Colleague: 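Structure in structure tokens, see below.
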Amino acid sequence: MFSRSKPPEKTTFSSVLFLCLLQVLFDDNCGYAFMGEQDSFQYSNLSVFSDPNFLSRVPIVLDYAIGTQSCVVAKNSNAYLCNLNNTLCSDNTDSSGYGGYLCSCKYGYEGNPYLSPGCTDIDECIDPNLNDCDGNAKCTNTPGNFSCSCDHHFSGDGRSDGSGCTRQASQIPVILGTYIVT
């Protein structure tokens with residue numbers, strides 16, 4: 001039987017682009033704006049935004065933190081915004097120096113860590129791409145995780161990237177004897 005527990009990897013973007021494309025006459029306000037990964041976007045004219053593949057070509061980025069308090073301080077106040085269901089709070093440690101905190105779902109959970117119902121369990125057993133159970137093993141979903149156990153007549157750790165499941169040798173009793181003819 002095997003259970004997996006691995007922390008999620010944090011995604012970072014090297015540069016973020018905020019582009020104000022059209023200045024409104026006399027008001028100096030933005031007419032069109034978006035945020036996205038700078039290295040993925042080349043502006044030529046407004047028609048780039050009518051491209052139906054625009055959103056799949058330019059990852060949208062939103063980098064923020066809540067308030068200026070650390071997780072420890074915020075948790076002891078009535079202004080704490082992380083939902084309590086399967087969430088993690090992490091202090092904002094970027095170079096801005098403003099502090100604050102961020103909420104995220106615990107590993108094995110998905111959803112919105114700020115709103116109800118919060119983060120819910122991912123059933124890794126529904127999608128074979130989310131678990132590494134051997135073809136001769138049963139996947140069992142557990143809160144935030146899963147486990148693999150070999151089927152009857154197989155032994156091993158149940159993982160396709162481990163020792164897997166090997167068929168056990170059958171143990172048929174054999175009776176040996178001698179027959180004497182007189």
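These values consider heavy atoms only, across backbone and side chains, with no hydrogens, waters or symmetry-generated copies. Bear in mind the structure is a predicted one, so any value in this text is a computation, not a measurement.
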Colleague: For G158 and C165, work out which heavy atoms get closest and say how close.
Modeller: CA-SG, 3.6 Å
Colleague: Please tell me whether C105 and C119 are bridged, where bridged means their SG atoms are separated by under 2.5 Å.
Modeller: yes
Colleague: Roughly how far, to the nearest 0.5 Å, is the CD atom of E124 from the OG1 atom of T142?
Modeller: 7.0 Å
Colleague: How far does CD of Q69 sit from OG of S77, to the nearest 0.5 angstrom?
Modeller: 5.0 Å
Colleague: Please confirm whether the backbone N or O of D157 pairs with a side-chain atom of S163, one donor and one acceptor, at under 3.5 Å?
Modeller: yes
Colleague: Going through the checks in order, is the side chain to side chain contact (heavy atoms under 4.5 Å, CB included) test met by C103 and I66?
Modeller: CA-CA 9 Å; C103 308; I66 300 171; 4.2 Å; yes
Colleague: Judged by atom type as modelled, is there a donor-acceptor pair below 3.5 Å linking the side chain of Y101 to the main-chain atoms of L81?
Modeller: yes
Colleague: Determine whether the interatomic SG-SG distance for C133 and C139 falls below 2.5 angstrom.
Modeller: no
Colleague: If you take all heavy atoms of D151 and K138, which pair is closest and at what distance?
Modeller: OD1-N, 3.7 Å
Colleague: Can you give me the closest heavy-atom contact between D121 and G144, atom names plus distance?
Modeller: OD1-N, 2.8 Å
Colleague: Assigning hydrophobic clusters by single linkage (Ile, Leu, Val, Met, Phe, Trp, Tyr; side-chain heavy-atom cutoff under 4.5 Å), is I122 placed with Y109?
Modeller: no
Colleague: Do V73 and L102 share a hydrophobic cluster (ILVMFWY, side-chain heavy atoms under 4.5 Å, transitive)?
Modeller: no
Colleague: Starting from the C-alpha separation in whole Å, work towards a yes-or-no answer on side chain to side chain contact (heavy atoms under 4.5 Å, CB included) for N83 and S116.
Modeller: CA-CA 7 Å; N83 187 294; S116 183; 4.3 Å; yes
Colleague: Side-chain contact, heavy-atom cut-off 4.5 Å: S160 with D132?
Modeller: yes
Colleague: Is a side-chain donor or acceptor of N112 paired with a backbone partner of G118 at a separation under 3.5 angstrom?
Modeller: no
Colleague: To the nearest 0.5 angstrom, please state how far the CG atom of N85 sits from the CG atom of L115.
Modeller: 12.0 Å
